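The structure under discussion appears below in the form of structure tokens.
Read the numbers this way: they start at 1 and go in the same order the structure lists the ligands and their atoms. Since this is a predicted model, take the numbers as computed values, not measurements.
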Amino acid sequence: MRDSWHRDAQLIRQAIPDFTGLLDRNGILGLACDPDVESRLVVREGRRWHLEHGPFSMKDFARLPAGNWTVLVQGVNLHLDAADRLLHRFDFVPAARLDDLMVSYAVPGGGVGAHFDSYDVFLLQGPGRRRWRVGRQPSHELRPGVPLKILQRFVHEHEWVLEPGDMLYLPPDYAHDGVALDECFTYSIGFRAPSRTELAGEFFSDLATRIDLPGRYADPGQPATRAAGRLPAPMIDATADAISAVRWNRSDIADFLGVYLSEPKAHVFFDPPEKVPSPATFARLLARRGVALDRRSILLYGPKAVYLNGECIRFPRGVPKALMELADRRALTTSDVPGAVVRLLRAWFADGFLTARSTAEEDDDA
Ligand code: SIN
Ligand code: CO
């Protein structure tokens, strides 16, 4: 973070030694056939590029040539606990910045062409090898008439062949072109970097639903007019007054941000447990096994509130330590939790936002 974040590309050989990936060919192609999963197929024929969006059927893949195509599956962390654990190995970056884990599968020659993304990315090599060419560009001009963002002229500064477990960090707007040398899997840990327009626009559209100002426009001094079409100047002034009476503060901004960033993506559904434990059983479960956030849950906190999956829960006297720990580590094992927090955790458990800690998580801790 100190040396490279937002500054320079960095190649980390054996970032995750012996990384063998989390999915095989059928696993990833199967996900690309699921209507609740966002997926793309990119096929290159010489200088021509074809792009199709999923869901696909296995027959679509059987028809493809032996080389020069790739399938990319977004949000794999939402579907696979191991993928969620991999994504959260990157928790040295604030969770508010984390987007998703994308996995690509490519046959030899497959790739998405030379392009740049507007956010940081870690590209972790799974099975197979990929040749990456990367570099800053004098021009970000894109090739016209292509269904993908492909740079018109791409000049690379570095060329590296990544082997399983190697990882490449790229800052925003840093151009890259990855071509599969073998059948290859790439795991992209992506971050979200909302534009200023998006942040301000979303804040005001949220604020608009909560505006509640007393009074109504009145014009007791209005004389008879010969210019019925003209907007009355006092009406413009009164509107300006109403607008300037809308107030917000930093805590409203934190609440907006927490709710906005923790909102589940489209197609995310939680699985509530069949049976909700009694308060006493739940307290025992918390003390003995502990609880963990479901892989689909996003939990963030600010000075006076926590935000879980698009909901804001306020704590005027400060956020309880146990909830900060749950948000930071995505798991909590302790019996030292105030009763009100245990009740809240049990309600989250009932919604499927939380689960009992699994053996895999206990192994991770070890
Ligand atoms: C890929 O996995 O082929 C593309 C990843 C990226 O360029 O961001
Ligand atoms: Co990219």
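We find that Arg296 and Asp271 are joined by a salt bridge, their nearest charged nitrogen and carboxylate oxygen being less than 4.0 Å apart. Between Glu163 and Arg129 there is no salt bridge, since no side-chain N of the basic residue sits under 4.0 Å from a carboxylate O of the acidic one.
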Tell me, with the steps shown, if Tyr119 and Phe191 meet ring pair (Phe, Tyr, Trp, His ring centres under 6.0 Å). CA-CA 6 Å; Tyr119 38 79; Phe191 296 87; 8.6 Å; no
Begin from the C-alpha positions of Arg85 and Asp81 and carry the test salt bridge (charged side-chain N to carboxylate O under 4.0 Å, His left out) through to its verdict. CA-CA 6 Å; Arg85 285 197 294 277; Asp81 282 334; 5.2 Å; no
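Of all the atoms in ligand 1, the ones that sit under 4.0 Å from a non-hydrogen atom of Met102 are 5 (C). Within the listing of ligand 1, atoms 2 (O) sit less than 4.0 angstrom from a heavy atom of Thr186. Under a 4.0 Å criterion applied to the non-hydrogen atoms of Arg130, ligand 1 contributes the atoms 3 (O). Near Asp117, the atoms of ligand 1 lying under 4.0 angstrom from a non-hydrogen atom of the residue are 8 (O).
Under a 4.0 angstrom heavy-atom cut-off, Val121 registers as lying outside contact with ligand 1. Under a 4.0 angstrom heavy-atom cut-off, Ser188 registers as being in contact with ligand 1. Under a 4.0 Å heavy-atom criterion, Leu123 is in contact with ligand 1.
Take the N/O/S atoms of Asp117: the one nearest the Co ion (ligand 2) is OD2. Nearest N/O/S atom of His115 relative to the Co ion (ligand 2): this is NE2.
For Phe19 and Tyr187, the distance between ring centers is under 6.0 angstrom. Proximity of the aromatic rings of Phe349 and Phe282 is defined here by a centroid distance below 6.0 angstrom, and this criterion is met.
Classified by interplanar angle (parallel below 30°, tilted 30° to 60°, perpendicular above 60°), the ring pair Trp248/Phe204 is perpendicular. Relative orientation of the Phe61 and Phe56 rings is tilted, given thresholds of 30° and 60° on the angle between their planes.
Between Thr70 and ligand 1, not a single N/O pair is under 3.5 Å apart.
For atom 1 (C) of ligand 1, the closest heavy atom belonging to the protein is Ser104 OG, 3.5 Å.
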